[in-house]
Amino acid sequence: AGNPNLADAHTIAPQFVRTGNVLTLRYRMQRSDLSYRVLTNTVLQDQPWTTTGVIQTPDPDTAAEGTLIEASATLDGNRRFLQLEVIEP
């Protein structure tokens, strides 16, 4: 397990990939005691981030530690942003 006072971005290793009209965020789920979710938005200000339209495969709630997770959202002509949120219980 990592140090809770230091960022673990190097072990999560997030990568963004665009294939056609799908934007994907790939990350490695490092700890099963944390919750991982990916949020999306089409603007950076004035609108709340949401999980609506984001599909994570496999489900990070049931995946084993070290699993590579892919979170994808369809691009609908607008800009699309993805954000990884890691929540400590």
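Note that the numbering runs from 1 along the sequence shown for the chain.
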Worksheet item: Are Leu75 and Val38 linked, directly or through other ILVMFWY residues, by side chains that come within less than 4.5 angstrom of each other?
Response: yes
Item to complete: Answer with yes or no whether the hydrophobic clustering places Tyr27 together with Ile87; edges join I, L, V, M, F, W, Y residues whose side-chain heavy atoms lie under 4.5 Å apart.
Response: no
Which atoms form the tightest heavy-atom contact between [X] and [Y], and what is the distance?
X     : Y     : value
Thr67 : Pro58 : CG2-CG, 3.6 Å
Leu25 : Pro14 : CD1-CB, 3.9 Å
Phe81 : Thr42 : CE1-O, 3.7 Å
Ile55 : Thr57 : CG2-OG1, 3.9 Å
Ala71 : Leu82 : O-CD1, 4.1 Å
Ile69 : Ala63 : CD1-CB, 4.1 Å

Distance in Å, [X] [atom1] paired with [Y] [atom2], rounded so as to fall on 0.5 Å steps:
X     : Y     : atom1 : atom2 : result
Met29 : Asp61 : CE    : CG    : 8.5 Å
Arg37 : Glu85 : CZ    : CD    : 4.0 Å
Thr40 : Arg80 : OG1   : CZ    : 4.0 Å
Gln56 : Tyr36 : CD    : OH    : 11.0 Å
Arg79 : Asn41 : CZ    : CG    : 10.0 Å

Item to complete: Would you confirm whether Arg18, through its side chain, and Leu23, through its main-chain N or O, come within 3.5 Å as a donor-acceptor pair?
Response: no
Item to complete: Could you tell me whether the side chains of Glu65 and Ser32 share a donor-acceptor contact shorter than 3.5 Å?
Response: yes
